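Throughout, residue positions are numbered sequentially from 1 according to the sequence presented. In this text the structure is predicted, and so the values were computed from the model without any measurement.
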Amino acid sequence: MKTIIFGITGQDGSYLAELLHDKGYEVVGVTRRVSVDTLQRINHILPQIKIVEGDITDAFSVSNIINQEEPDEIYNLAAQSHVGTSFKQPSLTWDVTAGGVLNILEAIRYSGRKEEIKFYQASSSEMFGKNYTVCDSQKYQDEDTPFSPQSPYAIAKLAAHHLVRNYRDSYGIFACSGILFNHESERRGEKFVTRKITKWIGQFATWKGNQLFIQKVRNQAGEWVDGPSRKEDDPDMIYLHPSDETGFPKLRLGNLDAFRDWGHAEDYVRAMWLMMQQEFPDDYVVATGETHSVRDFLNIAFAHAGVTEWDDYVVIDPQFYRPAEVDFLLGSSDKAKSNLGWNPDVSFEGLVHRMVERDIYEARLQRAHLQKV
Ligand code: NAP
Ligand code: GDD
């Protein structure tokens with residue numbers, strides 16, 4: 001079996017590439033030309049997979065790749081996937097997140113192999129949008145819940161979602177959409193709230209550990225004395241000791257009261273593959289069935305790093321508020337559970353702990369490296 005993954009350099013792409021490679025697939029990943037290295041998440045499997053250059057907004061490159069590679073399965077994970085960014089770059093978001101999907105569907109339609117190719121589209125719980133505005137654990141979203149998108153990103157994803165259904169109905173293409181709720185991991189992009197928090201905790205914990213050694217300095221007589229005192233208190237900085245010369249910048253966040261149904265990406269790519277193994281294409285909600293606020297995430301993440309009171313470490317910064325917010329997401333995956341036999345393995349706490357531990361480990365590694373050079 002041969003597969004093409006659009007978006008292989010992203011969080012999900014990297015886990016999916018591992019999963020499909022382990023299952024014996026020949027994996028072809030599409031990467032776009034950018035000025036920095038975007039292969040970090042897949043470096044470890046590069047020798048086992050093939051990389052081709054392409055961009056989903058370029059219809060010619062998409063159809064050339066599909067015609068040349070002749071895949072059995074195509075997974076489209078490529079998108080401008082940051083909701084906040086979509087308010088700042090709505091046109092680009094539309095071109096990539098909606099237009100790119102149309103390019104892939106058209107390429108399949110005219111490939112001469114449309115009956116042989118299965119297509120997976122990464123739809124999103126963000127499409128439910130302003131469905132519920134308060135946290136109520138009795139309410140949830142599933143395949144029958146109406147969509148009410150709240151951002152350019154969600155609107156583009158919804159357009160793509162409808163295109164997939166339309167191409168399935170119109171041309172008989174095996175095209176399915178996974179309506180995936182938020183899923184995170186140690187490989188999550190650093191601008192999403194979960195990773196932003198755990199990355200900050202990793203760096204803070206490492207700085208804090210190091211502070212123990214720099215709180216005292218040697219004077220001219222060679223004696224250990226308290227370090228020079230800082231000039232003035234800065235409300236945006238953390239000082240652990242009155243004699244700290246330098247502080248650590250506080251964690252700046254937006255809305256802490258949004259609720260999300262957060263799972264682990266490794267579990268979610270398994271659901272994608274299962275959808276593609278069915279006899280008939282269909283759309284499925286993939287979620288854990290538990291919802292937590294950003295505040296809950298902060299509580300568990302900080303507690304795992306040994307900090308019980310984090311209020312003084314976090315600054316609410318209006319620049320991270322969105323023009324329109326999605327307040328409450330909680331999914332029911334009953335259909336995926338019964339039709340696909342899918343269940344998540346990683347709990348919310350397990351997810352947060354894994355992310356915190358990895359970011360503390362990486363920050364220490366980085367510091368140790370810096371001290372060597
Ligand atoms: P991600 O880490 O942001 O990865 C996005 C991928 O898309 C990257 O590989 C990126 O390449 C690629 N890409 C962006 N623009 C492209 C273009 N014009 N042509 C080709 N590739 C392009 O996202 P993720 O978290 O893995 O999510 C995967 C997909 O699932 C996305 O479509 C996302 O919208 C959707 N989704 C995610 C979640 C979630 O919670 N993670 C939930 C529901 C749906 P570069 O590395 O070059 O930037
Ligand atoms: N990114 C970010 N940064 N979000 C913040 C911050 C901050 O500093 N402070 C608070 N938040 C809030 C956001 O306002 C939002 O309510 C929540 O944290 C989650 O934000 P993100 O982590 O950026 O994720 P998202 O829910 O907007 O979108 C993710 O999930 C979707 C599925 O529901 C992305 O992965 C999308 O691609 C995906 O479709």
Do [X] and [Y] have side chains that get closer than 4.5 Å, going by heavy atoms?
| X | Y | value |
| --- | --- | --- |
| W262 | V294 | yes |
| M272 | L19 | no |
| L330 | F181 | no |

Residue pair I4, Y75: steps toward the side-chain contact (heavy atoms from CB on, under 4.5 Å) verdict: CA-CA 6 Å; I4 294 180; Y75 294 82; over 6 Å; no

Between atom [atom1] of [X] and atom [atom2] of [Y], what is the distance when rounded to the nearest 0.5 Å?
| X | Y | atom1 | atom2 | result |
| --- | --- | --- | --- | --- |
| L92 | T57 | CG | OG1 | 8.0 Å |
| Y361 | L365 | OH | CG | 5.0 Å |
| D37 | L39 | CG | CG | 5.0 Å |
| Q203 | W207 | CD | CH2 | 12.5 Å |

Please set out all donor-acceptor pairs under 3.5 angstrom arising from side-chain atoms of residues 21-34, sequence neighbours excluded.
residue : atom : partner : partner atom : Å
Y25     : OH   : E73     : OE1          : 3.1
Y25     : OH   : E73     : OE2          : 2.9
Y25     : OH   : W273    : NE1          : 3.0

Donor + acceptor pair across side chains of [X], [Y] (<3.5 Å):
| X | Y | value |
| --- | --- | --- |
| D267 | W342 | no |
| S185 | Q11 | yes |
| T198 | D359 | yes |
| H82 | Q80 | no |
| T288 | D261 | yes |
| E349 | H304 | no |
| R187 | S14 | yes |
| D12 | H183 | yes |

When you measure from the side chain of [X] to the backbone N and O of [Y], does any donor-acceptor pair fall under 3.5 Å?
| X | Y | value |
| --- | --- | --- |
| W200 | R195 | no |
| K250 | D312 | yes |
| N67 | S63 | yes |
| Q150 | E325 | yes |
| T97 | K157 | no |
| D296 | S293 | yes |
| D283 | S177 | yes |
| D317 | L253 | no |
| S151 | V83 | no |
| R109 | I104 | no |

Cation-pi check, R188 onto F192 ring (under 6.0 Å, within 45° of axis): yes

Cation-pi check, K191 onto F320 ring (under 6.0 Å, within 45° of axis): no

Heavy-atom pair of closest approach, residues [X] and [Y]:
| X | Y | answer |
| --- | --- | --- |
| G263 | Y268 | CA-OH, 3.6 Å |
| H44 | Q48 | O-OE1, 3.9 Å |
| I201 | A305 | CG2-CB, 3.5 Å |
| D327 | K130 | OD2-NZ, 4.0 Å |
| L251 | K196 | CD1-O, 4.1 Å |
| L329 | E126 | CD1-OE1, 4.4 Å |

Answer yes when [X] and [Y] have at least one side-chain N-carboxylate O distance shorter than 4.0 Å, and no when they do not.
| X | Y | answer |
| --- | --- | --- |
| R270 | D345 | yes |
| E266 | R354 | yes |
| E69 | K50 | yes |
| D311 | R295 | no |

[X]-[Y] co-clustered via ILVMFWY side chain contacts under 4.5 Å:
| X | Y | value |
| --- | --- | --- |
| M355 | I197 | yes |
| F174 | V62 | no |
| I74 | V96 | yes |
| I179 | L340 | no |
| V52 | I8 | no |

side-chain contact (heavy atoms from CB on, under 4.5 Å) evaluation trace for C176 with M276: CA-CA 8 Å; C176 57; M276 295 282 262; 3.9 Å; yes

Step-by-step side chain to side chain donor-acceptor pair (under 3.5 Å) determination, E106 to Y167: CA-CA 9 Å; E106 279 286 278; Y167 273 61; 2.6 Å; yes

Y313/F204 under ring-ring contact (aromatic ring centres under 6.0 Å, His included): CA gap, chis, key distance, verdict: CA-CA 10 Å; Y313 296 168; F204 174 67; 5.0 Å; yes

Working for ring-ring contact (aromatic ring centres under 6.0 Å, His included), residues F128 and F147: CA-CA 4 Å; F128 292 121; F147 297 119; 5.2 Å; yes

Within 6.0 angstrom of Q277 CD, more than 12 heavy atoms from elsewhere: yes

side-chain contact (heavy atoms from CB on, under 4.5 Å) between D58 and N103, worked out: CA-CA 8 Å; D58 183 326; N103 289 340; over 6 Å; no

Test side-chain contact (heavy atoms from CB on, under 4.5 Å) applied to F297 and V352, step by step: CA-CA 7 Å; F297 192 99; V352 184; 3.6 Å; yes

